[in-house]
Structure formats: structure tokens, C-alpha cells
Protein chains: 2
Amino acid sequence: MPKIIDHEARRNELAEAFWRVLARAGMKGATVRAVCAEAGWSRDAVDQLFAGKQALVAYAVSLAAQRALAHVRACCARLEGRQALRAVLLEALALERSGPAPAAAWLELLALAAREPTLAAELSRFDREVRAELAAVIAAMVARGEAPPETDPEAEARALFAFNLGLRTRARLEPAGYPEEVVAREVDAYLARLAGGPGPGE
Amino acid sequence: MPKIIDHEARRNELAEAFWRVLARAGMKGATVRAVCAEAGWSRDAVDQLFAGKQALVAYAVSLAAQRALAHVRACCARLEGRQALRAVLLEALALERSGPAPAAAWLELLALAAREPTLAAELSRFDREVRAELAAVIAAMVARGEAPPETDPEAEARALFAFNLGLRTRARLEPAGYPEEVVAREVDAYLARLAGGPGPGE
């Protein structure tokens, strides 16, 4: 009987090894060789799955974006209004917790994307998809009277996502100053203002 | 007569060459050798000024932060209220325009800082100093009745700075989708909400 190899599972395993090495050693250190070592695979086994580092990076990014988006959608399906936005910001987009990509790896990736249009396009697509989810939640809040009627859901979603990216970046640079409860407090203050005043919180 | 060399001017010249190479080639490509070539200097001349790449990076970051902070302070001294915040966001913190560090270089730097505590501390200090300026402007807005009395200037300043970092990052990844007028519109929408409604704008 021929040996059956689950290529997708193997690709995912390697993508996860890539993220760990990237977070630890930066893009410079995340060579195919280092990723092989991290995964405990031979170089040959890796070469059968990916045509090179660029293909591995593209796959790893696409996988992380897919997973994060699924997490965002699950939050928005399970909860509504401010509770949904809060869950998206504190869980689904808290990549250092929801994996597979640690926050330090995302910063490396943003830097690389600034010089690689294909990667930038993939990240921008992810960005748009998440913002569409956030805008739908905000539009429903307006419809239920949970946010002021003049709220522009698209604009609020863009601002919210920008705020979150900035907050995560700062928390990453100054971890001691941003324990989880401080991040949660900043998110809650932001969401209270979006809703036009203090609200359900948690 | 001995030759007088202005060490500070020479250090600054090299720091500026470093930022250009960093933006173009990433941290991996920004070797001391590449920076020498960019500046048109001999390696020896560079070695007299900096003990190595780490010292050069530290100097370049400190110089860029100092200049950006001076620009922020000038905006806040020249203007007040929303006009001051708008100028800070659209001029002083629009690093791709105000130099010396192009936006692509800042992304590289954030990625490096996530792994180098000294650099992270320098960026966090810059972050705090800018936020203190923004908070003072917002506190004055509250005192003049230009923002709701329940506004927390510190919290608003943190949120505003986070929003700006996220907006800049996204604009960097998707330049075609973020021409200057789109960035300005997002900033204005954000500031209008901070002030509790539509206001003077530009």
C-alpha cells in the first residue's frame, strides 16, 4: 500500500515552525535551513513542499490570515455589538495569543511587506476582510440604537482596526507597560467612545 | 592649522544614509558597508564615528526621534486644538514626508525593536513624549469647551497615537489605496469624533 502523506498538514506544520523562528530570529534568521531545524525535518522533505523561502513565507502568511479571519468571524457570529468588537480585538486579533503567528513575527512581516507587493496585497486583503466584519457589527449597533445614528460603520471599522494595530505594536515594544488588563482597558475606553458613552463593557 | 571636523554633522549625514539604505534594502541589507557606499565614505571614516552597526542604528533612531519630536512640539506651539492635532498627524508624524526616516524604514525598525530592548526603550520614550504633547493639546481643548468635559486627555492621546501608527502602517502596505487626501480624510473623521462632532476641519 502506498504511503499516504497529508501534504496540507505537513505544510501547516512547517508554516508554524517558520513563525516561531521568525519571531525569535527575525526575517534574516528565518532561513529555510533554520526552519527545517526547528521542525526537525530534512531539507529534502521541505523542498518537496515549497519552491523556496518566498513560497514558504507566502503560505505561512496566508495560513495565519485565514485562521485569524476564521476567529474574527466566529467572534462576530457568537456575540454582537460591543461584546463582539471586544472579543475580536482582545482574542481574535491578539495574535500573540491566538496564534499561529506571534506578535513579533507580524512586525517582521509588516516590514517585509513594505518591500514586497505580493505580500502587502495579501495583508491588505486580510485587512479589508476583517474591516468588513467589524463594519457589519457596527452597522448592526447603529440599527439597534447602540451607537449614535450619525456613525459611519465603514469609517469606524477602519479607525478601530488602525487603533488596534497601533496598540498591539506599542504593547509589543513595551510589554511591561502593557499587561493584558491595560490593553483591555484601552480597548474598552475606545469602544465606550464609539458607542457614545460608557456601556456594557464586560 | 588642524583640520576641524564637525563630528555631529558627519554622524547625522551617515545616519541619513542609513535610513535611506534601510528603507530600500531592509535591516538585512543595511550593513555598515552598504551605508558607507550610500554616503560615499570609506569604512575607516565610519569606524572613527561609530563602534559598529548597533551604535549607528542607535544614533540614527535617536536622531530621527529627536527631529520628529521637535516637529511635534513646533506644531503644538504654533497651533491649538484640533488644528494642532491635525498638523501633528499629517505633518510631524508623517515620517515619509518629514524625514529623516522614510516610513518603510520605521517598519523595519519596529520589527528590530521587538527583539532589542534598548531600541524598544528608545522608541517607547519617543512614544511617551509625543503622547504628552498630544494630551496637553487635548486637555486645553476640554478646558476651552472644544471637547466633551468627560474626555480623558491621556487616554485620548494614547488612542490617537495608536490610531495614527495603524493608519501609517496600512497606508504603507497599500499606498495606492491611501493617497494623502484619504489619509487626511481619515484623520479628520477621527478628530471630529474626538471633539464630539463635526468641527473646524481644515
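Note that this is a predicted model, so its numbers are computed, not measured. Letters A, B, ... are given to chains in the order of the sequence lines, protein chains preceding strands, and every chain is numbered from 1.
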Which atoms of [X] come close to chain B, meaning under 4.5 Å heavy atom to heavy atom: side chain ones, backbone ones, both, or neither?
X: A:Ala189; value: neither
X: A:Ala121; value: neither
X: A:Glu108; value: both
X: A:Arg125; value: neither

Checklist entry - Highest number of heavy-atom pairs under 4.5 Å with chain A: which of B:Pro175, B:Ala25, B:Pro117? => result B:Ala25
Checklist entry - Looking at A:Leu173 and B:Ser124, what are the two nearest heavy atoms and their distance? => result O-OG, 4.0 Å
Checklist entry - Closest heavy-atom contact between B:Ala159 and A:Tyr190? => result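 The pair with the smallest heavy-atom distance is CB-CD1, 4.3 Å.
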Checklist entry - Is the side chain of B:Arg24 donor-acceptor paired with the backbone N or O of A:Arg115 at a distance under 3.5 Å, no angle test? => result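 Such a contact is absent between B:Arg24 side chain and A:Arg115 backbone.
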Item to check | Pairs of heavy atoms under 4.5 Å with chain B: top-ranked of A:Thr169, A:Leu123, A:Asn164 | outcome: A:Thr169
Next on the checklist: Just so I understand: if I count every heavy-atom pair under 4.5 Å between each of A:Arg185, A:Met27, A:Arg131 and chain B, which residue has the most?
Outcome noted: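 Most heavy-atom pairs under 4.5 Å with chain B: A:Arg131.
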Taking the side chain as every heavy atom from C-beta outward, state whether [X] and [Y] have any pair of such atoms under 4.5 Å apart.
X: B:Leu165; Y: A:Arg170; result: no
X: A:Glu186; Y: B:Arg158; result: yes
X: B:Leu110; Y: A:Leu110; result: no

Next on the checklist: Can you tell whether the side chains of A:Glu150 and B:Arg193 come within less than 4.0 Å, N to carboxylate O?
Outcome noted: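 Here A:Glu150 does not pair with B:Arg193 in a salt bridge, since their nearest N and O are not under 4.0 Å apart.
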Checklist entry - Which bit of B:Ala155 is near chain A, if near means a heavy-atom gap under 4.5 Å: side chain, backbone, both or neither? => result neither
